[in-house]
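Beneath this line is the structure, given in structure tokens, with notes to follow.
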Amino acid sequence: MKRRDSLPLPGQEGLADAAAFRTAAELGGDLVFIIDCVGGVPVYVSPGIDAMLGYGAADVHAQLRAPDTPGPLQPLCAGLPERLRRFAAGDGARLRVAREFDLRRPDGREIPVEVISTLVPGADGTVATLVAVLRDLSARRERERERKRFASMLNHEFRTPLSTIDGAIQRLEATQTGADEATRQRYRKIATATDRLIAMLDDYLSPERMAELGRQRRADTVAPRLLLDELVAQARMAGRPVTSDVESLPATLRADPAGLRLALKVLLDNALRYTPAGTALEVSGRRQDGGVALALRDAGPGVPEGDIARIFDKGYRGANAAGVPGSGLGLYMARSLVEVHGGALTHAGREGQGAAFSVWLPVQSDMQGEAERFPQGLASGQA
């Protein structure tokens with residue numbers, strides 16, 4: 001069937017409306033296809049559709065004639081017969097349908113496409129025509145990616161120093177119990193201003209906010225006991241015997257749950273990788289130096305003495321890493337994640353006595369009363 005650049009309007013109900021729709025859509029830069037639902041044939045396809053999709057006019061027409069026939073162009077109008085049947089039965093919910101999908105061109109490249117199609121009833125109420133707008137979403141998606149990259153960059157550049165300030169002021173509040181009232185008030189002003197700026201980042205510059213306006217602020221608190229329980233469960237799923245020694249911990253910490261989970265998972269992955277199968281692990285949690293220490297100890301060979309000073313360096317792999325998969329980035333990344341929260345990641349094991357890593361995190365200021373019930377240094381030694 002040859003493509004027609006004008007519509008056979010006389011005697012075909014609904015096609016006059018379709019012609020007006022086509023004119024308005026193409027003036028706006030969109031591509032259009034129109035199907036005569038009575039005869040089941042396409043009556044118009046915008047010439048530019050070939051360049052967009054990479055398929056010839058005959059391919060497009062053949063697919064529109066048989067919308068449910070499998071093929072690379074099937075998403076253009078799949079499900080039309082069922083849609084018409086349901087409309088005839090009184091279901092008007094699918095009068096207008098908008099869909100987005102990736103369509104694979106003959107050259108193998110995928111192109112993101114949006115199709116918005118509308119059924120146009122005739123004078124007797126039956127559907128005479130389907131009109132559809134076809135849009136290439138490549139430019140829109142690239143703009144969205146650029147916005148997200150820019151927002152992510154700004155978010156990171158602002159959040160890192162703010163998190164450092166936040167962690168420092170929490171530690172000051174928790175440790176400087178002898179400070180006078182004026183000094184404590186200054187601490188609170190700094191903490192309040194920092195909280196407000198971090199909340200603004202979450203509300204306006206987070207990737208989630210850019211992707212979905214109106215979404216609630218992401219979780220910024222986590223239960224330290226839950227983190228340890230999850231760590232124990234992961235170790236047991238890996239087939240390792242685990243002991244858990246957890247003392248009284250605060251109900252929550254102000255932190256990014258996903259970031260801390262990732263840091264602890266790096267420590268667990270290292271323990272699994274560098275110790276023999278079946279070797280026991282020990283998980284512990286306690287208050288320490290105005291914060292909490294979450295630790296993981298293994299019973300393996302430990303970190304070689306000559307490597308201890310560099311194990312957190314970016315890309316560094318120790319003498320015992322030969323033949324063990326890895327990039328040398330795990331501990332570097334874990335330490336960075338912990339330090340963003342105002343905390344510290346340290347190693348306290350000895351060669352031949354197993355590796356022991358401890359994540360120290362500050363206790364948020366609203367836990368001050370609880371901190372007074374559990375004196376600092378309750379367990380002063382690192383796990």
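Nothing here was measured: the structure is a model prediction, and the numbers come from that model.
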*Same hydrophobic cluster for Val97 and Val115, using side-chain heavy-atom links shorter than 4.5 Å among ILVMFWY?*
no

*Which is it for Asp269 and Lys265 under the salt bridge (charged side-chain N to carboxylate O under 4.0 Å, His left out) test, yes or no, and what are the steps along the way?*
CA-CA 6 Å; Asp269 288 345; Lys265 188 173 188 306; 3.1 Å; yes

*Looking only at atom types and distance, does a side-chain atom of Gln63 sit under 3.5 Å from a main-chain N or O of Thr69, one as donor and one as acceptor?*
yes

*asked:* Could you check whether any side-chain N or O of His341 sits under 3.5 Å from a backbone N or O of Asp256, counting only pairs where one atom can act as donor and the other as acceptor?
replied: yes

_Gap separating the OG1 atom of Thr118 from the CD1 atom of Ile34, nearest 0.5 angstrom_ = 11.0 Å

*For the atom pair OG (Ser117) and CG (Leu130), what is the distance rounded to the nearest 0.5 Å?*
5.0 Å

*May I have the step-by-step check of side chain to side chain contact (heavy atoms under 4.5 Å, CB included) for Val292 and Arg286, ending in yes or no?*
CA-CA 6 Å; Val292 296; Arg286 54 177 51 87; over 6 Å; no

_Qualifying residues under side-chain hydrogen bond (donor to acceptor under 3.5 Å, both in side chains), relative to Arg225, sequence neighbours excluded_ = none

*asked:* Main chain of Leu267, side chain of Asn270: is a donor-acceptor contact present, judged purely on distance under 3.5 Å?
replied: no

*Would you indicate whether the side-chain heavy atoms of Ile190 and Glu173 approach each other to under 4.5 Å?*
no

*Treating Ile, Leu, Val, Met, Phe, Trp and Tyr as nodes and any side-chain heavy-atom pair under 4.5 angstrom as an edge, say whether Leu172 and Val363 lie in one connected cluster.*
no

*What pairs with Glu100 under side-chain contact (heavy atoms from CB on, under 4.5 Å), at least two apart in sequence or on another chain?*
Glu114, Leu137, Arg140, Arg141

*asked:* For the residue pair Thr192 / Asp195, report whether a side-chain donor-acceptor contact shorter than 3.5 Å exists.
replied: no

_Test side-chain hydrogen bond (donor to acceptor under 3.5 Å, both in side chains) on Gln185 and Glu181; report intermediate values, then the result._
CA-CA 6 Å; Gln185 287 294 329; Glu181 181 60 26; 2.8 Å; yes

*So do the side chains of Leu253 and Thr221 get within less than 4.5 Å of each other, counting heavy atoms only?*
no

_Please determine whether residues Phe312 and Leu361 belong to a single hydrophobic cluster, defined as Ile, Leu, Val, Met, Phe, Trp and Tyr linked transitively by side-chain heavy-atom distances below 4.5 Å._
yes

*Can you check side chain to side chain contact (heavy atoms under 4.5 Å, CB included) on Leu228 and Ser244, steps first, answer last?*
CA-CA 8 Å; Leu228 295 180; Ser244 179; 5.7 Å; no

*Do the side chain of Arg99 and the main chain of Pro75 share a donor and acceptor less than 3.5 angstrom apart?*
yes

*Same hydrophobic cluster for Leu119 and Leu76, using side-chain heavy-atom links shorter than 4.5 Å among ILVMFWY?*
yes

*Atom CD1 in Ile111, atom CE in Met52: separation rounded to 0.5 Å?*
6.0 Å

*asked:* Using only atom types and a distance under 3.5 Å, with no angle test, would you say the side chain of Arg105 pairs donor to acceptor with the backbone of Arg109?
replied: no

*Under 3.5 Å, side chain of Trp360 to main-chain N/O of Leu345, donor-acceptor pair present?*
no

*Using the side chain to side chain contact (heavy atoms under 4.5 Å, CB included) rule, take Leu294 and Ser358 through it: C-alpha gap first, then chi angles, then the decisive distance, then the call.*
CA-CA 6 Å; Leu294 312 178; Ser358 177; over 6 Å; no

*asked:* Among Asp298, Thr275, Thr279, which residue satisfies the side chain to side chain donor-acceptor pair (under 3.5 Å) criterion with Arg240?
replied: Thr275

*Apply the test side chain to side chain contact (heavy atoms under 4.5 Å, CB included) to residues Leu134 and Val32: give CA-CA distance (whole Å), side-chain angles for both, the deciding distance (0.1 Å), then the verdict.*
CA-CA 6 Å; Leu134 182 67; Val32 174; over 6 Å; no

*Quick one: pull up CD in Gln234 and CG in Asp229 and give me the separation to the nearest 0.5 Å.*
11.0 Å

*Can you check salt bridge (charged side-chain N to carboxylate O under 4.0 Å, His left out) on Arg287 and Glu247, steps first, answer last?*
CA-CA 8 Å; Arg287 290 178 176 270; Glu247 300 177 0; over 6 Å; no

_Quick check against the 3.5 Å criterion: does Asp68 have a side-chain atom that pairs as donor or acceptor with the backbone of Ala78?_
no

*Counting N and O atoms only, with roles assigned by atom type, does the side chain of Arg83 sit under 3.5 Å from a partner on the main chain of Leu95, one being a donor and the other an acceptor?*
yes

*Report the distance from atom CG of Leu272 to atom CG of Leu281, rounding to the nearest 0.5 Å.*
6.5 Å

*If only atom types and distance count, is the side chain of Arg254 paired as donor or acceptor with the main-chain N or O of Gly167 below 3.5 Å?*
no

*Answer yes or no: is there a donor N or O on one side and an acceptor on the other, between the side chain of Thr183 and the main chain of Ala179, under 3.5 Å?*
no

